[in-house]
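Take a look at the structure set out below.
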Amino acid sequence: MFRHHPPRGRRTAGFLATALVALSAGLTAAAPTAAAHADTTLGELAEAKGRYFGSATDNPELPDTRYTQILGSEFSQITVGNTMKWQYTEPSRGRFDYTAAEEIVDLAESNGQSVRGHTLVWHNQLPDWVGDVPAGELLEVMRDHITHEVDHFEGRLIHWDVVNEAFEEDGSRRQSVFQQKIGDSYIAEAFKAARAADPDVKLYYNDYNIEGIGPKSDAVYEMVKSFKARGIPIDGVGMQAHLIAGQVPASLQQNIQRFADLGVDVALTELDIRMTLPRTAAKDARQATDYGAVAEACLAVSRCVGITLWDYTDKYSWVPSVFPGEGAALPWDENFAKKPAYHAIAAALTGGSPAPRGECTATYRVTSQWQGGFTAEVTVGNGHTAPITGWTVTWTLPGGQSVSSAWNGDLTVGGQEVTVRNAAYNGTLSRSGSTTFGFQGEGTADTPADMTCTPSPATQSSGVIG
Ligand code: G3I
């Protein structure tokens, strides 16, 4: 049978050296940062660390040439986002159709990219006929489906997500048609069928909300441990990583490590980090820090083999349609402009921060108060780790408070969220430096509960002071 070995990245160490020199020059200004990464893709940076960096894609997006230009050049790995699912590949019993999936696999191969297969057994995007299969026949139907599809793509994929999303949040089994009609053994049977069809492709269990340690990841952990003990073929765990800005699980690296210690690989398979819309500079900065932290967690565990974005641009993100009011989850915006998240990933993939991380603090004090109004002063202080070249302070208005004007800072008010960025003349703060801005408010002068300062560049960490 034809066996395709995905070519390694087209450009390697020389590019990395160029990138490292450029990055070590610093990330202190947006334009130079963008220029520093211009020649070196995330795929190349990851490859230099022995990982892949990829993106999911879907067939309706392929006529968009601006989109495919970046898809084909920036990433070393592609996941077929929809059209390898059962609904598309076996729309009626015994009738298989791989036309749409092959369009993506062909494209990836022509670009020298490896491909993850997603997904063989899932409760979602199943054709109706599967639900009607009598209980006594479903195991055979599932095996046939797996055998046919894995065999069809043999030699062309690096991984298969064999079973997807089989657990509930509390760690119990999801009551899918497979669980109900075949029982607990269906997952092991699926892996055995996949291995029989292709001895080489890596077989993954894939799920969401298993990035941190908790009841759901514990259940997956116990399953993998039991598979290993019983000789059920499993090679990897896919943590989807559909995350929320500011809520990356603190135990991510530890959790990746504990799975690795069981003797399986780990991949971050569907990474996106959403925020409440609209985007703001402060939220972009938070998101960038989070993307960098996720990449660093993967790099810290040798068996974490790669990271895949669940598509790379907000133009084609699944998030807004499923979580109304949320989005902007990807490192490229809807116009294909790179966001701070992109640069944070690139910096993490170079193996450490190219510049020391700065921090800043914001301290609030009321300077005068009268019936129905007040003025306040916020002291922005450097957190003493590195000079910073700009800052953004954000807070949520306490009930009954509004802000009408500000001085020594650039004020934006959106609903209850207030953002003040440095003015042109007071952004730079030495390690021990500080500056102030002031504002006039109406209503109560209560201290905001969540005042946060985020330094520039966006990859730096933030500090909070009440
Ligand atoms: O193809 C039809 C199109 O003909 C029709 O006009 C249109 C109208 O709604 O629907 C199109 O199908 C949509 C399909 O994506 C292709 O775009 C489905 O409605 C839509 O439900 C489906 O959503 C997919 C979702 O899985 C289904 O659960 C998303 O694109 C896909 O990104 C998402 O991916 C999942 C992973 O497989 C597993 N992990 C979570 C992740 C996000 O939900």
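Indexing begins at 1, ligand by ligand and atom by atom, following the structure's order.
- Any N or O atom pair closer than 3.5 Å counts here, and Glu270 shares at least one such pair with ligand 1.
- Taking atom 32 (O) of ligand 1 as the reference point, the nearest protein heavy-atom neighbour is Trp310 NE1, 2.9 Å.
- With ligand atoms numbered from 1 in the order given, ligand 1 contributes 28 (O) to contacts under 4.0 Å with heavy atoms of Asn124.
- Stacking of Arg116 on the aromatic ring of Tyr52 is not recorded, the 6.0 Å distance cut-off and the 45° axial limit not both being met.
- Within the 4.0 Å heavy-atom criterion, neither part of Tyr208 lies near ligand 1.
- Shown here for Gly72 and Asn111, the closest heavy-atom pair between the two residues is CA-ND2, 3.5 Å.
- In this structure, atom 11 (C) of ligand 1 has no protein heavy-atom contact shorter than 4.0 Å.
- With a 4.0 Å heavy-atom cut-off, ligand 1 is reached by the side chain of Asp58 but not by its N, CA, C or O.
- With ligand atoms numbered from 1 in the order given, ligand 1 contributes 14 (C), 16 (C) to contacts under 4.0 Å with heavy atoms of Tyr88.
- Residues Pro448 and Pro398 share a closest heavy-atom pair of CA-CG, 3.9 Å.
- Taking a cutoff of 4.0 Å between a charged side-chain nitrogen and a carboxylate oxygen, Lys216 and Asp207 qualify as a salt bridge.
- Exactly one residue among Trp310, Trp86, Trp160 makes a ring-ring contact (aromatic ring centres under 6.0 Å, His included) with His118. That residue is Trp310.
- Looking only at protein heavy atoms, the nearest one to atom 16 (C) of ligand 1 is Asn82 ND2, 3.4 Å.
- Of the protein's heavy atoms, at least one falls inside 4.0 Å of atom 37 (O) of ligand 1.
- Of all non-hydrogen atoms in Asp64 and Phe336, the two that sit nearest each other are OD2-CZ, 3.8 Å.
- Closest to atom 27 (C) of ligand 1, if we only count protein heavy atoms, is Gln125 OE1, 3.1 Å.
- At least one protein heavy atom sits closer than 4.0 Å to atom 40 (C) of ligand 1.
- Counting non-hydrogen atoms of other residues, nucleotides and ligands closer than 6.0 Å to CG of Asp128 gives a total of 12 or fewer.
- The two residues Ala193 and Arg143 come nearest to each other via the heavy atoms CB-CG, 4.2 Å.
- Against a heavy-atom cut-off of under 4.0 Å, Asn164 is close to the following atoms of ligand 1: 38 (C).
- With atom 26 (O) of ligand 1 as the reference point, the heavy atom nearest to it among Met84, Gln240, Glu61, Lys85 is part of Lys85.
- Atom 24 (C) of ligand 1 lies below 4.0 Å from at least one non-hydrogen atom of the protein.
- By the definition of a contact as any protein heavy atom under 4.0 Å away, atom 8 (C) of ligand 1 is not in contact.
- Within the cation-pi definition used here (under 6.0 Å to the ring centroid, within 45° of the axis), Lys338 does not qualify as a partner of Tyr312.
- The ring pair (Phe, Tyr, Trp, His ring centres under 6.0 Å) analysis of residues 244-267, with sequence neighbours excluded, yields the pairs Tyr221-Phe259.
- Here side-chain hydrogen bond (donor to acceptor under 3.5 Å, both in side chains) pairs that include residues 267-278, with residues two or more places apart or in two chains, are Asn206-Thr269, Asn206-Glu270, His242-Glu270, His242-Asp272, Asp272-Trp318, Arg274-Glu326.
- Atom 43 (O) of ligand 1 lies below 4.0 Å from at least one non-hydrogen atom of the protein.
- For atom 4 (O) of ligand 1, no protein heavy-atom neighbour is found at a distance under 4.0 Å.
- Using a 4.0 Å threshold on non-hydrogen atoms, atom 21 (O) of ligand 1 does not count as touching the protein.
- Using a 4.0 Å cutoff on heavy atoms, Tyr316 does not count as a contact of ligand 1.
- Separating the CD atom in Gln247 from the CD1 atom in Ile273 is a distance of 11.0 Å, to the nearest 0.5 Å.
- Each of the following atoms of ligand 1 lies closer than 4.0 Å to a heavy atom of Glu165: 38 (C), 39 (N), 40 (C).
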